[in-house]
Amino acid sequence: MNQSDNFTPEEKSHEQDVAKFAGVSVATVSYVINGRTDQRISEATRKKVLQAANYLNYSPNPYAVGLNTTRAQSI
């Protein structure tokens with residue numbers, strides 16, 4: 001992950017940012033973040049995505065999560 005000069009972790013990051021930083025697709029980031037076990041993702045790739053998400057302070061948007069689960073995560 002030598003691309004750290006292109007990203008500033010203080011800004012709100014998105015799945016696209018994590019994907020670019022980790023060198024994987026947005027779908028791969030989504031599968032890893034959502035803990036999908038029905039997709040074949042190597043442990044090395046999974047670790048790379050989680051490290052990138054951690055470095056960029058990525059957290060899923062609670063409203064988007066609510067849309068996906070049909071349950072709002074806010075009051």
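The shown structure was predicted, so the numbers you read here are calculated from the model rather than taken from an experiment.
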Applying side-chain contact (heavy atoms from CB on, under 4.5 Å), can you list everything that pairs with T37, at least two apart in sequence or on another chain?
none
Once you round to the nearest 0.5 Å, how far does CZ of F21 lie from CD of Q51?
9.5 Å
State plainly whether one hydrophobic cluster holds both V26 and V18, where clusters connect Ile, Leu, Val, Met, Phe, Trp and Tyr through side-chain heavy atoms under 4.5 angstrom apart.
no
Is there a donor-acceptor pair under 3.5 Å between the side chain of D17 and the backbone N or O of H14?
yes
Nearest 0.5 Å, what's the NZ-OG distance between K47 and S42?
11.5 Å
Can you list every pair that meets salt bridge (charged side-chain N to carboxylate O under 4.0 Å, His left out) and has a residue in residues 21-33, with sequence neighbours left out?
none
Are any side-chain N or O atoms of N54 and backbone N or O atoms of L50, one a donor and one an acceptor, separated by less than 3.5 Å?
no
One should read off an interatomic distance between S13 OG and Y55 OH, to the nearest 0.5 angstrom, of 11.0 Å
Roughly how far apart are T28 OG1 and I33 CD1, rounded to 0.5 Å?
11.0 Å
Identify the two heavy atoms, one from V29 and one from V49, that lie closest to each other, and give their separation to 0.1 Å.
CA-CG1, 4.0 Å
From E15 CD over to L56 CG, what is the distance, rounded to the nearest 0.5 angstrom?
12.5 Å
Sequence neighbours left out, what passes side-chain contact (heavy atoms from CB on, under 4.5 Å) with S59? Give chain and number order.
K12
